[in-house]
Amino acid sequence: MEAFADVAVLSRIQFALTVAYHFLFVPLSIGLGLILAINETRYYRTRKPEDAAATKFWVKIFTATFAIGVATGITMEFSFGTNWANYSRFVGDIFGAPLAAEALFAFFLESMFLGVLLFGRKRVSPKFYMVSAWLVWAGSCLSALWILIANSWMQTPAGAELNAEGTEAVITDFFSAAFNPSIFARYTHTVDALLIMGAFVAMAVAGWYMLKGRHADFAMKTMRIAAVVGIVTSCAMIVFAHASAVVVWNEQPTKLAMMEGMYDSEVPPLYAVGIVDEETQEVIAPFAIPGGTSFLATGNFDTEYPGLNELAQTEEYGAMVVEDMPVNLVFQSYHLMVAMYGLIMLTSILVLVFTFRGGRIAKMRWLQWAAVLSPLWPFIAIQTGWITAEVGRQPWVVYPSVTGPEGVELLTADGISMSVSSVELWVTLALFVLVYAVLLVGWARVIGRFIKEGPVTDGEGPLDAQLGDAAPAAAAADGAEVVAVEEAVEVAAADAGDAKGGE
Amino acid sequence: MFEFLSVLWFFLIFVLIAGYFVLDGFDLGIGVLSPFIAKNDGERAVLRRAIGPVWDGNEVWLLTAGGALFAAFPNAYATTFSGFYLAVMLVLFGLIVRAVSFEFRAGDPAWGKLWDGCFFVGSLLPALLLGVAVGNIFAGIPMDAAGDYAGVPLLGLITPFTLLTGLLGLVMFLAAGAAWAALKAPLPSELQARAAALRMPLQVIALALFAVVSVFALALVGQEMDPNLAVLRWLFAALVVVGLGASIAVGRFQGDDAKAFLAQSAAMIALVALLACSMFPTLVNAVPDSVGPAITLANAASSELSLTWMTIILCVGLPLVLAYHVIIYRTFRGRVKPEDLTHY
């Protein structure tokens with residue numbers, strides 16, 4: 001059981017765990033940020049109290065999710081130094097700048113204007129409030145841009161060279177490094193997936209209220225927004241996903257070979273499902289379209305592509321040991337992602353059609369259930385998509401891509417921190433599992449509460465009542481205020497009681 | 001040009017650290033003070049509301065400083081974050097549970113005690129350990145030939161000196177927290193009176209700790225400090241004392257909470273400036289029997305092109321960031337009012 005004491009293996013497990021967890025919440029906040037901003041724009045136009053209540057509902061869900069995204073994001077920024085010190089030394093000249101830019105251009109924008117959304121409704125003008133909602137969303141999209149620039153550079157390095165000592169990558173051209181070959185495809189592919197996630201969560205909330213027969217007006221309005229965002233983002237995905245696949249085809253041959261389970265050179269077929277037998281190096285699949293993947297990538301049904309065994313013979317990819325490559329994992333992740341896309345497209349079309357044809361979805365229980373379950377599909381697609389991207393580039397952390405500069409590559413195992421022991425890693429791994437589990441339960445409780453409470457206008461909700469108990473102390477200076485607040489608390493508590501009785 | 005840029009970035013890192021210590025300093029301080037100066041849920045809510053709109057932005061200063069250190073001096077980032085592994089993780093876990101405690105506390109009163117506890121512990125860990133970390137890079141750590149930390153994990157970082165710097169940091173954060181609470185709590189209220197009463201004793205302790213740490217520091221690494229910066233060091237040391245003294249004076253005799261907070265913040269900035277001038281040009285000191293050399297501008301700076309782009313990014317980004325701060329702090333100026341306490 002050498003793996004239990006292997007710092008590289010443990011560090012990879014810790015990174016995979018913490019980044020996958022982080023990426024449960026980031027898609028929700030970037031996706032819901034758009035729904036929130038659209039909602040607030042509607043309120044800005046109508047000034048109806050129920051539209052303000054809808055914004056408030058999404059602000060609450062967004063903020064609780066954003067908080068956990070921020071918290072687990074700090075882990076990621078620290079992890080390069082804590083667990084990947086040699087990696088940090090190798091890439092610092094290039095990789096650090098996007099991280100700093102992300103904080104400077106994106107994190108400040110989103111976190112500071114979120115303060116306005118949370119506490120500013122009565123303090124700022126309606127226009128300022130609406131602009132703040134869009135700024136928070138813009139900030140989160142910018143943050144995705146910078147971190148994906150950093151990630152894409154690791155997948156397809158550019159604008160850099162190996163220094164004379166051969167110890168680190170040095171930047172030669174900032175724009176080539178930032179706008180490296182995979183950034184556009186990766187950014188559009190990723191952010192579009194996050195927007196699908198947001199739309200589907202909005203669908204699920206709306207579907208849930210339809211099933212329960214509550215907040216009918218809010219549910220229908222939300223379903224309309226979600227249906228439009230859902231169909232636009234799902235259709236756009238065809239273009240972005242295709243672009244991503246072409247980049248992999250052109251730049252990352254070992255990843256493409258793993259995605260399609262190709263050990264030997266062949267014209268890549270297209271599988272829907274299958275299993276890669278890593279012992280016999282064969283794909284067991286019920287059916288395949290001959291040359292299908294070749295056609296999708298190049299427009300020809302007969303373009304041959306090198307398999308892993310051939311690639312392992314080359315100088316560029318000689319460091320890979322074919323027997324150790326996690327081919328089946330990458331194959332399954334990739335195909336599961338594609339399958340999920342099928343469900344995403346189907347859901348988007350059904351919801352669109354039955355929402356806008358006289359709002360028939362309001363009576364279709366099966367479709368409401370489908371909407372409630374629908375966030376699972378983008379959720380699985382996002383996680384498996386990233387597994388494909390990140391496991392697919394192993395054993396390298398900085399990948400020797402086809403057009404990448406000579407020598408700018410680093411094996412994952414060479415990127416670790418020499419001063420961190422496996423014992424320390426076990427301690428922190430255990431702590432991460434514990435703390436993150438508590439966070440997940442805490443988040444689920446809060447979100448569950450918010451959804452149960454639903455969109456409520458000011459001062460009506462049971463939550464407002466609970467927060468109201470904070471007021472008397474602050475109002476100690478002003479006796480009249482105390483009485484007023486206590487009355488409000490009593491009224492709200494009575495409302496809450498009624499709501500409970502009514503259910 | 002390269003020399004200029006690397007010196008510039010040395011000081012810019014400390015500017016970002018100063019931004020973090022001043023801004024997140026007061027909300028970390030409030031987190032630690034909260035159980036002691038707030039007697040009930042209502043008062044705790046006032047304290048949370050006093051930092052609610054700004055704490056998240058304040059914390060971004062740390063992420064910016066971390067990212068900038070990674071970009072400008074990768075070796076220093078790699079050695080400290082991996083060398084102080086368990087300590088960094090404790091700071092990290094503190095920041096994590098603290099970040100979620102605000103929203104989860106508001107949205108889940110049934111688990112209020114847990115999230116109140118997270119707010120306290122999550123504030124205490126960074127407030128104490130950041131000072132310990134600074135003490136270590138200042139006094140020096142053992143390093144191997146590759147520049148990695150070669151000492152005992154976690155416990156090796158705790159010495160009398162680093163404990164003192166940790167305490168100094170903690171007390172400075174607490175004083176800033178008390179000053180912010182006194183500035184934001186409703187007037188008159190018992191909470192405000194308690195915060196204002198606590199401010200002065202904390203600042204007196206800070207002055208005493210500052211004196212002890214300074215003498216200790218001079219004895220430890222006094223000879224290695226850059227002689228050209230001696231004047232600046234005396235100036236900033238004097239400013240620390242003047243800032244704290246002025247804060248005590250205006251707080252006690254004029255009852256001006258805003259000026260007291262600003263003077264406290266000035267003292268914090270002077271303290272970080274003093275640190276920068278005492279360390280230059282070293283980023284991470286090595287103990288005398290260390291195998292590997294200290295990490296300095298000479299062996300840690302990124303390339304000229306990288307530093308140039310970082311400077312461009314900062315020149316565009318920093319004015320924007322400062323503008324956001326003006327907007328947000330203006331929007332939420334003034335004391336917390338009862339009607340503010342209904343969330344959202």
Side-chain angles (χ1 to χ4, degrees), chain A residues 56 59-60 63-64 67-68 70-71 74-75 77-78 81-82 85 88-89 92-93 96-97 99-101 103-105 107-108 111-112 114-115 118-120 123-124 170-171 174 417-420 424 428 431 435 439 442 445-446 449-450 464 466-467 469-477 481 485, chain B residues 40-43 45-46 52-54 56-57 60 63-64 66-68 70-71 74-75 77-78 81-83 85-86 88-89 92-93 95-97 99-100 102-104 106-109 146 148-149 153 186 188-189 302-303 305-306 309-310 313 317 321 324 328 331-332 336 338 341-344:
Chain A
K56 185 170 149 180
V59 168
K60 283 192 275 191
T63 312
I68 199 164
V70 168
I74 310 172
T75 307
E77 201 207 26
F78 282 15
T82 52
S88 298
R89 292 188 179 104
D93 203 56
L99 282 193
L104 214 50
F105 291 131
F107 291 160
F108 275 116
S111 58
M112 299 203 77
L114 182 60
L118 273 173
F119 300 101
R123 282 187 176 247
V124 302
V170 182
I171 194 163
F174 180 82
S417 296
M418 303 309 288
S419 58
V420 177
E424 288 169 275
T428 54
L431 276 170
V435 172
L439 255 54
R445 282 174 60 95
V446 172
R449 216 184 133 85
F450 289 158
D464 285 347
Q466 239 106 16
L467 285 160
D469 70 0
E481 294 264 16
V485 169
Chain B
N40 54 47
D41 277 353
E43 292 185 347
V46 172
V54 294
D56 197 356
V60 175
L63 297 179
T64 312
F70 189 176
N75 279 337
Y77 168 78
F81 276 62
S82 66
Y85 185 75
L86 289 177
V88 173
M89 287 292 168
L92 174 66
F93 284 117
L95 293 174
I96 290 174
V97 297
V100 299
F102 289 85
E103 291 316 309
F104 289 7
D108 193 356
D148 282 310
Y149 175 68
S189 68
S302 283
S303 68
L305 186 61
S306 187
W309 274 102
M310 285 289 292
I313 288 170
V321 168
Y324 305 156
I328 299 301
T331 301
F332 295 100
V336 177
L341 291 175
T342 43
H343 209 248
Y344 309 102

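What's counted below: heavy atoms across the whole structure, side chains too, no hydrogens, waters or symmetry copies. In what follows, chains carry the letters A, B, and so on, assigned in the order in which the sequence lines appear, proteins first and then strands, with residues in each chain numbered from 1.
Ranked by heavy-atom pairs shorter than 4.5 Å toward chain A, the options B:Leu92, B:Leu95, B:Val54 are led by B:Leu92. With respect to chain B, the highest number of heavy-atom pairs below 4.5 Å among A:Leu99, A:Val435, A:Val420 belongs to A:Val420.
Minimum interatomic distance between A:Ala100 and B:Ala68 (heavy atoms only, all atoms of both residues): CB-N, 3.8 Å. Of all heavy-atom pairs between B:Val321 and A:Leu104, the closest is CG2-O, 3.4 Å. In plain terms, the two heavy atoms of B:Ser306 and A:Ile171 that are nearest each other are N-CG2, 3.7 Å. Minimum interatomic distance between B:Gly57 and A:Met112 (heavy atoms only, all atoms of both residues): CA-CG, 4.0 Å. The heavy-atom pair separating B:Ala71 from A:Ala97 by the smallest distance is CB-N, 3.4 Å.
Note that the CE atom of B:Met89 and the OG1 atom of A:Thr82 stand 3.5 Å from one another [nearest 0.5 Å]. In this structure, A:Leu431 CG and B:Ile96 CD1 are separated by 10.0 Å, a value rounded to the nearest 0.5 Å. Atom OG of A:Ser88 sits about 9.5 Å away from atom CZ of B:Phe81, to the nearest 0.5 Å.
With contacts defined as side-chain heavy-atom distances shorter than 4.5 Å, the pair B:Thr331/A:Phe119 does not qualify. Inter-residue side-chain proximity for B:Ser82 and A:Ser419 is flagged as met; some heavy-atom pair is nearer than 4.5 Å.
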| query | What's the verdict on side-chain contact (heavy atoms from CB on, under 4.5 Å) for B:Tyr85 and A:Thr428, showing C-alpha distance, side-chain angles and the deciding distance? | reply | CA-CA 9 Å; B:Tyr85 185 75; A:Thr428 54; 2.9 Å; yes
| request: Go through B:Thr64 and A:Phe108 one step at a time and tell me if the side-chain contact (heavy atoms from CB on, under 4.5 Å) criterion holds. | output: CA-CA 9 Å; B:Thr64 312; A:Phe108 275 116; 3.4 Å; yes
| task | Could you please spell out the steps behind the side-chain contact (heavy atoms from CB on, under 4.5 Å) verdict for B:Asp148 and A:Arg89? | result | CA-CA 11 Å; B:Asp148 282 310; A:Arg89 292 188 179 104; 3.0 Å; yes
| How far apart are the C-alpha atoms of B:Glu103 and A:Leu118, what are their side-chain angles, what is the distance that settles it, and do they pass the side-chain contact (heavy atoms from CB on, under 4.5 Å) test? | CA-CA 10 Å; B:Glu103 291 316 309; A:Leu118 273 173; 3.7 Å; yes
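Contacts between B:Leu305 and chain A at a heavy-atom distance below 4.5 Å involve backbone atoms as well as side-chain atoms. With a 4.5 angstrom heavy-atom cutoff, B:Tyr149 touches chain A via backbone and side-chain atoms both.
Residues meeting the ring-ring contact (aromatic ring centres under 6.0 Å, His included) test with B:Phe70, sequence neighbours left out: A:Phe95, B:Tyr77. Under the ring-ring contact (aromatic ring centres under 6.0 Å, His included) criterion, A:Phe174 pairs with B:Trp309, not counting sequence neighbours.
Under the 3.5 Å distance criterion, the side-chain polar atoms of A:Arg449 are left unmatched by any main-chain donor or acceptor of B:Asp108. When atom types are taken as modelled, the side chain of A:Asp93 and the backbone of B:Ser303 share a donor-acceptor pair closer than 3.5 angstrom. No donor-acceptor pair closer than 3.5 Å links the side chain of A:Glu77 to the backbone N or O of B:Gly66.
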